[in-house]
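Single-structure report; data block below.
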Amino acid sequence: MKSTSCILALSLAIAAPVFAQSGGMVQATPPAEAVAALNRHLASLSRNPQDVNALLGAGQAALDLGDIQAANGFFTRANMVDGRNGRARLGLAVVQIALKQPADAAANFDAASALGVSAQAHLPERALAYDLTGQQAKAQQDYRAVLQANPNDNTARLNYAVSLGVSGNLAEAEQQLKPALTSGDREAWRIRAFVLAMNGQMAEARSIAQTTLPKGLADALEPYLQRLPLLTASQKVSAVHYGEYPADVLRLAAPEPARNRDTQVAATTERERGGRRQTAAERRAAQQAARRASQAQAQQLAPAAAAAQPLPPPPPPAPTASPPPQQPVQTAARAPAPQSTRPAPSSAPATQPASRVTNPAPTTVAAVAPAAPSTPAPVASAPTPAPAPAPVPQPVRSLGDTLQALEVPEGERRQVAVADLSAVARIQEQRRVAAAAQQAKAKADAEARAKAEAERKAEAERKAKLAANPSRNWVQLAAGRDPAALAFDLRRLRRTYGDTIAGQDGWTATWGETRRLLIGPFRRPEDARAVVTELRKAGGDAFFWQSEAGEEVSKIGTQ
């Protein structure tokens, strides 16, 4: 999908390689050849449901019509009838990659190849299946074969670039993206941002997102880009193609900036080496170099931190370099004072500076006149504020207040009082338990009533549906998606086979992603089969079909 919405969508999903995902339509109107082929194979299956060739033909016709679910059913039945049929395995693989089942698709592609069936017509799908299962080497081999046969296949080239990026071959990935980038292909720019991010070059990836997206969307996309290096190879491919991230990865914190920079440096070094992967020894050397740089930076900051530590207020700029060697001498002479203040430097940061205002320059005085005995007096008086909070008694709650609040303090619960406070606590707990049980019962009763009412309504609807649509006998003439087109087909068939289907009303019923064109109903199955025989003698395709009880069949008119 080459559009602005492709890069703006935060889901990051791109179009499926060939078919719409999960059974969606590929074409607005089904090709007449595919419809005719499907009807022809269905007629064969009505005669022999085990006809493998008819099942395979019907599956291919369903693929041509874009009905992935119907194709899946036909290929599955063909594989059940003949488990050694390579065409059935190949059809299943094509369907499964369209249904986002890459593991099953890759296994069936391999099985088809082992059974001697070539996947030459489905190499893009097989390459994507291999990519989504972490088999990048096999995927890239298929992508190269596709591009060799058709160098202008832009989708295969972009998918090839994603696979190379997942493998760490950043230089070759950018080489594959270059033609699309120079032509201004937004999808190529989005893929380049993801390839750069998964290889640790977050700065360049972020720059692409910021220049190609509105700021709000670029900011919302950044956490996903940051977590790309945390994914496995198959998860990276799924993130780029489908926008799917594992929930456990999204809950993780984004990689630290320093670690991200190390990853970028490693990726740049790898690119300079021509795309060669780092060895384990090279990765350890890079990590050790990063740790040594961090330790050196910490050692540069250590003197300032050590000088600031002994002083409660922020250290002034001048004393941080010279006083530290002499400071321990004075602190040893004044041993009682530091012992009383050091145990809690963070618990009372506001009171300690206030107690030292009486001698504003103890550090400088200690440096000039070490034998000044008059200064310890204010320090010795420092412990006096400590006993002050002790004499203040805490108010004890009265028994009356406690009973009024229905709260039992832990201290009073241990005391022997006139009233049994533990009994009050038990009563309170019993009331809480009873109230919770009553609420739970009321909720359960309401849910039971709602469930019974829903079941009653569902049963009534089922009975009404069965009464309105009993099991009946029909002749199916054709299939299509548009009821108006089916009415047109019915008029055409009446002109061709007027004597055989004269007097029969036209009806329609759902059939997977399509609808059946029916005539009837017939009182007995034999009557319907007799009409089928006459139509086939006249050169038409038709078969007998019996609707199940409750299956809705609606009239489409006879004009």
Side-chain angles (χ1 to χ4, degrees), residues 1-2 12-18 90 93-94 96-98 100-114 117-181 185 187-201 205 228-229 231-244 266-267 270-279:
M1 183 185 300
K2 295 174 61 179
L12 310 176
I14 67 173
V18 177
L90 182 61
V94 175
Q96 286 161 345
I97 194 61
K100 295 185 182 180
Q101 299 170 1
D104 295 335
N108 277 314
F109 274 125
D110 290 340
S113 178
V117 175
S118 172
Q120 188 65 32
H122 300 288
L123 289 182
E125 294 95 320
R126 190 173 74 175
L128 183 60
Y130 286 153
D131 238 354
L132 287 166
T133 51
Q135 304 179 70
Q136 272 64 53
K138 296 170 70 174
Q140 291 162 23
Q141 183 178 356
D142 281 350
Y143 284 133
R144 285 192 293 270
V146 173
L147 293 173
Q148 185 176 2
N150 182 12
N152 297 323
D153 191 336
N154 189 55
T155 300
R157 190 172 298 279
L158 295 182
N159 291 353
Y160 184 31
V162 173
S163 183
L164 290 168
V166 171
S167 300
N169 194 345
L170 186 57
E172 181 62 23
E174 294 202 342
Q175 186 66 26
Q176 294 297 328
L177 290 171
K178 187 175 180 180
L181 294 175
D185 188 338
E187 176 64 7
W189 281 103
R190 181 187 73 82
I191 288 177
R192 184 169 186 261
F194 272 75
V195 168
L196 289 170
M198 71 177 62
N199 284 278
Q201 299 194 22
L228 267 175
L231 304 180
T232 64
S234 58
Q235 290 170 348
K236 289 175 183 176
V237 179
S238 181
V240 176
H241 288 303
Y242 302 136
E244 295 177 351
E270 180 178 346
R271 182 171 57 184
E272 292 172 353
R273 292 197 305 268
R276 180 174 60 82
R277 288 178 177 269
Q278 273 188 318
T279 63

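Because only heavy atoms are used, hydrogens play no part in the values below, and waters and symmetry mates are left out as well, while side chains stay in.
- In terms of heavy-atom proximity, A156 sits nearest to Y143 at O-CD2, 3.9 Å.
- Remark: of the listed residues D131, L132, L128, L132 is the sole one forming a side-chain contact (heavy atoms from CB on, under 4.5 Å) with P102.
- Residues passing the side-chain contact (heavy atoms from CB on, under 4.5 Å) test with Q120, sequence neighbours excluded: S118, L123.
- Of all heavy-atom pairs spanning R157 and P151, the tightest one is NH2-O, 3.0 Å.
- Residues E174 and L164 are not in side-chain contact: their nearest non-hydrogen atoms beyond the backbone lie 4.5 Å or more apart.
- Looking at T133, its side chain does come within 3.5 Å of a backbone N or O of A129 through a donor-acceptor pair.
- Of the N and O atoms on the side chains of D110 and Y130, at least one donor lies less than 3.5 Å from an acceptor on the other residue.
- The distance from the CG atom of L177 to the CZ atom of R192 is 8.0 Å, given to the nearest 0.5 Å.
- When all heavy atoms of S167 and Q140 are compared, the pair lying nearest together is OG-NE2, 2.8 Å.
- Using a 4.5 Å cut-off on side-chain heavy atoms (C-beta onward), K138 and R126 make no contact.
- Judged by distance alone, with hydrogens and angles left aside, the side-chain atoms of N108 form a donor-acceptor pair with the main-chain N or O of D104 at under 3.5 Å.
- Residues A173 and V195 approach most closely at CB-CG1, 4.2 Å, considering heavy atoms.
- The shortest heavy-atom contact between L147 and Y160 is CD1-CD2, 3.7 Å.
- For the residue pair S163 and Q136, no side-chain donor N or O sits within less than 3.5 Å of a side-chain acceptor on the partner.
- For the pair L228/N199, no side-chain contact is recorded, criterion being any heavy-atom separation below 4.5 Å from C-beta on.
- At least one donor-acceptor pair closer than 3.5 Å links the side chain of R190 to the backbone N or O of V240.
- Q235 pairs by the side-chain contact (heavy atoms from CB on, under 4.5 Å) definition with L231, T232, P246, not counting sequence neighbours.
- The NE2 atom of H122 sits 12.5 Å away from the CG atom of D142 when rounded to the nearest 0.5 Å.
- N159 places no side-chain N or O within donor-acceptor distance of the main-chain N or O of P124, the cut-off being under 3.5 Å.
- When all heavy atoms of E244 and S238 are compared, the pair lying nearest together is OE1-OG, 3.2 Å.
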